[in-house]
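What follows is a set of notes on a single structure, which appears directly below.
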There are 2 protein chains.
Amino acid sequence: MTTTATTLKGQPLDKAAVDSLLRRRLFYTPSFEIYGGVSGLYDYGPPGCALQANIIDLWRKHFILEEDMLEVDCTVLTPHEVLKTSGHVDKFADWMCKDPKNGEILRADHFVEDILESRLRGDKEARGQKVEEKEEDPKKKKKKSKGHEAIKLDDAVAKEYEEVLARIDNYNGEQLGELIKKYDLRNPATGEQPTPPVAFNLMFQTSIGPSSNTPGYLRPETAQGQFLNFAKLLEFNTGQMPFASASIGKSYRNEISPRAGLLRVREFLMAEIEHFVDPEGHKKHHRFHEVEDMELVLLDRDTQLSGKTTTQTISIGQAVKDGLVDNETLGYFLARIHLFLKKIGIDQSKVRFRQHMANEMAHYATDCWDAELLTSGGWVECVGCADRSAFDLSVHAKKTGAPLIVRQRLDEPKVIEEWEVEIEKKKFGPFYKKDGKTIEAAILATTQEERGKLGKELEENGKVFINVPGVGDGKVEVSKDLLAVKWQKRVENIREYTPNVIEPSFGIGRILYSLMEHNFWTRASDGGDEARGVLSFPPAVAPTKVLIVPLSSHKDFAPAVRKLSQKLRSAGLSSRVDDSSASIGKRYSRNDELGTPFGVTVDFQTVKDATITLRERDSTRQVRAEEDKIIEAIRALVEGTKTWQDIESELPLFEGQQEAEVTVR
Amino acid sequence: MTTTATTLKGQPLDKAAVDSLLRRRLFYTPSFEIYGGVSGLYDYGPPGCALQANIIDLWRKHFILEEDMLEVDCTVLTPHEVLKTSGHVDKFADWMCKDPKNGEILRADHFVEDILESRLRGDKEARGQKVEEKEEDPKKKKKKSKGHEAIKLDDAVAKEYEEVLARIDNYNGEQLGELIKKYDLRNPATGEQPTPPVAFNLMFQTSIGPSSNTPGYLRPETAQGQFLNFAKLLEFNTGQMPFASASIGKSYRNEISPRAGLLRVREFLMAEIEHFVDPEGHKKHHRFHEVEDMELVLLDRDTQLSGKTTTQTISIGQAVKDGLVDNETLGYFLARIHLFLKKIGIDQSKVRFRQHMANEMAHYATDCWDAELLTSGGWVECVGCADRSAFDLSVHAKKTGAPLIVRQRLDEPKVIEEWEVEIEKKKFGPFYKKDGKTIEAAILATTQEERGKLGKELEENGKVFINVPGVGDGKVEVSKDLLAVKWQKRVENIREYTPNVIEPSFGIGRILYSLMEHNFWTRASDGGDEARGVLSFPPAVAPTKVLIVPLSSHKDFAPAVRKLSQKLRSAGLSSRVDDSSASIGKRYSRNDELGTPFGVTVDFQTVKDATITLRERDSTRQVRAEEDKIIEAIRALVEGTKTWQDIESELPLFEGQQEAEVTVR
């Protein structure tokens with residue numbers, strides 16, 4: 001298991017070099033840069049945009065088409081009431097504190113993390129150990145260049161810091177405030193201790209319509225739209241369970257202080273699945289056997305609580321059997337997520353699944369595992385896989401009265417015997433007047449056990465006392481002429497239940513950024529030039545598949561280039577022509593940085609016999625053959641039915657002038 | 001030219017029937033319906049979502065890939081300053097008035113339009129003519145059921161109303177207010193005349209970051225992000241002009257009172273192209289010859305201003321030659337837009353291009369043509385094609401100082417002779433002190449003509465008077481020791497210019513809705529059942545390509561269904577299985593409503609000899625052949641390389657039991 005960020009070839013990753021390449025080649029760029037930019041907002045340029053489209057395309061095939069999921073596209077604008085019910089208005093918040101001197105606003109957990117990590121680095125330095133700088137942002141680097149001083153810590157203190165860091169996601173605001181006081185954590189910019197943390201809601205607020213009477217938010221997740229449409233989707237699916245809906249779209253988080261480039265942004269593309277499953281029957285999954293032998297790297301909750309970050313490698317079948325992962329459906333999706341990440345080209349040695357700790361979990365989740373990817377910013381959560389139980393459907397049903405349930409016809413009618421309460425409505429209301437409804441609700445809310453006792457008491461004393469907070473002294477006397485509690489038998493043909501939801505939720509932007517880091521290397525690894533970067537994306541996700549390079553801008557080449565370009569388009573292969581005056585080597589080099597896996601050269605020979613050369617990005621090796629054969633080879637390589645080795649064994653190698661120019665430069 | 005909405009087969013369109021089908025089959029549904037809904041917000045269910053994805057896919061191929069456009073993905077969140085510069089903060093507004101009695105908020109132009117149309121309908125009724133109800137929304141229908149009374153108008157008045165309606169998009173707020181007074185227009189709900197119109201800005205406002213010091217908006221168009229990245233995109237394109245960027249994404253409009261279903265919504269998907277072109281050389285387009293003979297239906301500005309809506313059919317080549325359409329690039333895109341609409345299945349007799357009138361044009365446009373589609377809501381603008389000139393790049397460059405220009409190396413150096421001003425900086429500043437910069441700016445802003453005069457005056461009088469509003473009495477004396485104006489010659493090797501922008505802008509949701517109406521018909525047209533709707537989407541855009549129908553849910557069919565399903569997936573053809581207990585006829589009927597073009601039946605014969613039947617949606621005719629042949633046939637039909645007639649001539653017709661059931665039912 002790798003523990004620090006590296007290039008594809010295992011060299012230490014120079015984040016500044018990657019970011020410089022990505023910005024230079026317009027994979028992404030800060031939004032509104034000519035206006036000074038807005039932190040946490042980025043635009044994708046042509047290669048980033050194509051990469052994103054290809055990842056989404058594969059996602060759709062891997063999840064939606066493979067399992068007949070029902071895709072929906074719901075609005076981003078969401079009225080207040082919906083997000084009040086879902087709990088986001090009250091609970092979707094981060095802890096924020098303020099520097100009393102310069103007014104700087106800090107995200108409390110990140111602040112604690114930064115200062116403790118900085119002290120640990122200072123400690124290592126004082127002990128003469130090698131220090132790895134963890135830098136997320138060039139701006140931050142400058143600002144904190146004097147961030148850590150070489151001060152040795154007590155062994156016990158250093159150990160305590162390590163343990164706090166392992167548990168950092170588990171603290172609430174009050175606890176973070178205590179840590180700040182206990183360790184006297186101060187803002188390096190001012191030397192001041194920040195104010196105690198307060199909750200800051202992360203939703204962007206707006207107002208819908210002209211009279212500002214419909215307050216609303218930009219959705220923090222695509223999930224709510226899927227839940228609200230549950231009944232319609234179930235009907236669309238002709239009532240069959242289980243089924244999944246899915247959605248791909250933008251979501252928003254008004255981050256307190258985003259400073260981690262593409263890894264922490266305020267507007268992002270999500271791809272979310274809501275898999276609705278019957279909570280009875282241990283949430284089995286009918287395709288679990290297909291994945292049960294797959295080995296995953298897990299970091300469970302208990303390990304983290306003990307202050308460690310040790311992972312274990314275990315088959316998902318065993319993990320479910322051991323109860324480490326709660327159920328088959330959750331396990332199935334963890335495996336499917338792993339397969340997807342592998343397919344798009346994520347480095348397999350830089351993936352782990354980390355279980356959330358209790359305090360860290362979103363308010364709706366009962367269990368949650370994150371797929372984390374190792375980047376220059378450390379381990380970053382890129383996919384969440386949560387068991388949201390029946391939380392959302394229940395709260396929305398309760399609030400609106402809509403039946404967000406499944407009605408299942410039972411093969412055999414079910415005989416149920418239980419305590420039932422009967423309220424003498426005609427007398428009950430008039431007797432208790434305005435408190436009637438509250439008292440009735442309290443009675444209906446009693447458990448079977450309580451009802452058993454009430455039945456007994458009624459029989460013995462002719463009256464009972466019900467706990468009704470807020471009415472009188474909290475205890476209300478009810479006599480047997482107003483209430484009966486009886487042991488009853490009834491037969492049911494229909495079973496009604498609220499499905500549980502397993503939710504795999506993908507942050508596409510974070511995956512995209514990690515993918516770029518994981519596939520980056522420089523020709524220095526092959527004994528070439530350090531300055532020549534390469535992005536070795538798998539052909540299926542590469543922004544452009546083929547670069548067409550005419551030997552020169554001579555007009556004789558134009559018809560061949562046009563014809564080739566048209567043929568590639570018909571074959572569904574995206575290509576770009578580079579007929580600039582730069583040398584062929586330089587043009588190929590530019591496209592290595594763009595991650596273009598294949599290049600073809602149109603030269604004088606082409607004009608004569610319609611043969612072209614095909615260059616493979618990673619090896620820089622070339623073959624030469626007739627145009628149609630080359631196109632067929634590219635198609636096979638992109639579809640993954642053949643490897644470059646296959647192509648080299650089928651078509652004649654080419655070692656002409658251009659190649660020399662490319663490798664020597 | 002059709003003038004009222006019809007079904008695909010030419011019958012009058014029953015909007016209620018279409019909408020009921022679209023809602024029932026979950027093409028779309030009001031967002032947050034279980035919470036009572038929010039007007040102007042809709043969700044797409046699985047078929048709507050797939051239809052949208054297919055339209056986008058074709059759009060990307062037709063525009064982006066075909067012409068190597070540079071696709072970008074910019075943020076929706078946009079800071080205030082950007083939209084202040086672009087003019088949207090001041091000018092992106094509709095006219096709104098209020099009912100003084102019930103407080104109802106009305107969009108002024110729609111209000112005037114509704115009342116005048118209602119009076120005209122009343123007039124027709126009084127004259128005993130047939131009245132077509134123009135209804136956009138069932139709710140509105142109920143409310144306004146007593147909207148028009150059969151009252152005859154003077155011939156002159158009726159004509160005046162018709163003329164006002166033809167010009168309705170040309171009035172500003174004041175003029176709309178005058179119309180309301182002049183014709184005594186009253187809100188049917190209260191009998192009151194609404195208040196004078198005031199401007200209401202249509203952007204959704206929010207606040208970025210925790211300290212609410214960055215006010216922002218949800219973008220009203222994707223264009224601004226493209227303009228701000230112009231310099232980077234030009235560099236990415238290795239400096240070559242012309243080029244186009246493109247973007248597909250959500251935009252927002254806080255509509256005053258949206259009541260027209262999918263035709264007027266507050267959140268919508270746009271696909272926009274910004275084609276950057278050198279303003280010199282008449283904006284020629286190198287591919288214009290490919291489209292110049294295409295005939296388009298045009299409704300020009302002058303015709304509308306004369307109070308008419310008569311169209312003319314003319315080749316785009318002729319229209320540009322006549323100056324009806326300003327230039328080749330604008331004409332090229334009008335033709336390409338037409339081709340795209342045709343490709344996705346828009347009824348060719350229900351398309352026209354309407355030129356904007358002066359008052360109606362967005363603040364940034366110098367000319368604009370809308371592709372309008374005929375629907376039950378009348379002619380609806382679905383694509384705009386505007387010449388934004390150099391407006392946006394200029395204002396952003398001026399505001400930020402960023403060089404949003406093209407530097408073109410001249411083949412031959414250009415000798416320029418002109419008046420140049422020389423300011424004696426050392427003396428000028430100290431002399432005018434705080435006003436120095438303002439006066440300097442005023443001098444630099446002078447035209448060649450003015451400079452000529454200044455030069456003469458300086459020579460004659462040794463001083464000149466410059467107009468500088470805001471300094472002293474507005475005239476400032478400048479003596480010749482501070483300023484020289486000379487006739488100078490210089491040689492330029494580089495030409496700098498701000499490109500002009502031609503912008504085709506697509507409202508995907510409106511196109512999608514129009515497409516559904518245009519392709520709707522009922523089996524009654526074939527002598528069948530009126531209640532059996534069909535959506536005859538072209539196979540390429542149909543949400544699902546193939547329905548797989550096992551004869552029954554018998555377990556013997558399961559392996560064949562699974563295999564077929566897998567094979568179709570490998571062939572890139574989306575399919576759905578319907579193994580519900582409904583009759584085959586009913587299942588096919590359901591899928592006719594979903595617009596699924598092909599159906600295959602798996603029956604006892606299939607289990608024996610691996611043959612399956614293939615049914616075509618529109619004709620309900622069937623052929624039978626071996627599985628792989630059928631899949632190959634479907635692939636050819638979807639790719640458009642073969643027609644159903646071709647397939648019938650190649651494969652044996654099938655007239656079995658199921659077919660009878662389907663057609664007779």
Side-chain angles (χ1 to χ4, degrees), chain A residues 26 29 31-35 38-39 41-46 48-50 52 65-66 68 70-79 81-82 96 105 200 204-211 214 216 218 225 228-229 232-233 236 238 250 252 254 256-257 266-267 396 400 402 569 574 576 578 580, chain B residues 26 29 31-35 38-39 41-46 48-50 52 65-66 68 70-79 81-82 96 105 200 204-211 214 216 218 225 228-229 232-233 236 238 250 252 254 256-257 266-267 396 400 402 569 574 576 578 580:
Chain A
L26 214 49
T29 183
S31 306
F32 318 109
E33 198 171 27
I34 65 173
Y35 278 84
V38 176
S39 54
L41 297 182
Y42 294 91
D43 296 342
Y44 291 129
C49 207
Q52 177 179 268
L65 292 184
E66 181 64 32
D68 279 341
L70 305 182
E71 188 176 350
V72 294
D73 184 7
C74 304
T75 60
V76 168
L77 287 169
T78 308
E81 220 185 343
V82 169
M96 153 176 111
I105 288 168
F200 170 70
F204 286 96
Q205 199 166 357
T206 191
S207 174
I208 306 171
S211 50
T214 310
L218 307 191
L228 298 187
N229 284 311
K232 293 172 195 166
L233 290 168
F236 185 86
T238 60
K250 290 262 181 93
Y252 294 81
N254 199 1
I256 291 173
S257 175
R266 287 173 164 152
E267 174 173 334
H396 289 303
T400 62
R569 198 181 296 138
S574 66
R576 281 196 80 83
D578 186 348
S580 69
Chain B
L26 214 49
T29 184
S31 306
F32 318 110
E33 198 171 27
I34 64 173
Y35 278 85
V38 176
S39 54
L41 296 182
Y42 294 90
D43 295 342
Y44 291 129
C49 207
Q52 177 178 269
L65 292 184
E66 181 64 31
D68 280 341
L70 305 181
E71 189 176 350
V72 295
D73 185 8
C74 305
T75 61
V76 168
L77 286 168
T78 307
E81 220 186 341
V82 170
M96 152 176 113
I105 288 168
F200 170 70
F204 285 96
Q205 199 165 358
T206 190
S207 174
I208 306 170
S211 50
T214 310
L218 307 191
L228 298 187
N229 284 313
K232 293 171 194 166
L233 290 167
F236 185 85
T238 60
K250 289 262 181 94
Y252 294 81
N254 198 0
I256 291 173
S257 173
R266 287 173 165 151
E267 175 173 334
H396 287 304
T400 62
R569 199 180 296 137
S574 66
R576 283 197 78 83
D578 186 348
S580 69

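Below, chains carry the letters A, B, ... as their sequence lines are ordered, and counting in each starts from 1. Remember, predicted model here, so these are calculated numbers, not experimental data.
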Are any of the side-chain heavy atoms of B/Glu71 and A/Tyr44 separated by less than 4.5 Å?
no
Would you say A/Lys250 and B/Asp73 make side-chain contact, with heavy atoms under 4.5 Å?
yes
[options]: which one forms the most heavy-atom pairs within less than 4.5 Å of chain B?
| options | value |
| --- | --- |
| A/Ile34, A/Leu228, A/Asn229 | A/Ile34 |
| A/Leu26, A/Thr29, A/Leu65, A/Leu77 | A/Leu77 |
| A/Ser39, A/Ala402, A/Cys74 | A/Cys74 |
| A/Gln205, A/Glu33, A/Lys232, A/Gln52 | A/Lys232 |

If I measure from the heavy atoms of chain B, does A/Thr78 come under 4.5 Å with its side chain, its backbone, both, or neither?
both
Pick one of side chain, backbone, both or neither for A/Leu218, based on which atoms fall under 4.5 Å of a heavy atom in chain B.
side chain
Taking side-chain contact (heavy atoms from CB on, under 4.5 Å) as the definition, give me every residue that meets it alongside B/Ile105, ordered by chain and number, with sequence neighbours left out.
A/Pro210, A/Ser211, B/Met96, B/Lys98, B/Ile256
Among residues at least two apart in sequence or on other chains, which ones pass side-chain contact (heavy atoms from CB on, under 4.5 Å) with A/Thr75?
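Residues passing side-chain contact (heavy atoms from CB on, under 4.5 Å) with A/Thr75: B/Ser31, B/Phe32, B/Leu41, B/Asp43, B/Glu267.
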Part of B/Asn254 within contact of chain A (heavy atom distance under 4.5 Å)
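Side chain of B/Asn254 only, per the 4.5 Å heavy-atom cut-off to chain A.
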Side chain, backbone, both or neither: which part of B/Phe236 has a non-hydrogen atom closer than 4.5 Å to chain A?
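Only the side chain of B/Phe236 comes within 4.5 Å of chain A.
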Indicate the atoms forming the closest heavy-atom contact of B/Ile208 with A/Phe204, along with that distance.
CA-CE2, 3.8 Å
Kindly give the heavy-atom pair with the smallest separation between A/Leu70 and B/Pro46, and that separation in Å.
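Looking at all heavy atoms of both residues, the closest pair is CB-CG, 3.7 Å.
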Using a 4.5 angstrom heavy-atom cutoff, name the option from B/Thr238, B/Val38, B/Val76 with the most pairs to chain A.
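If we count pairs closer than 4.5 Å to chain A, B/Val76 comes out on top.
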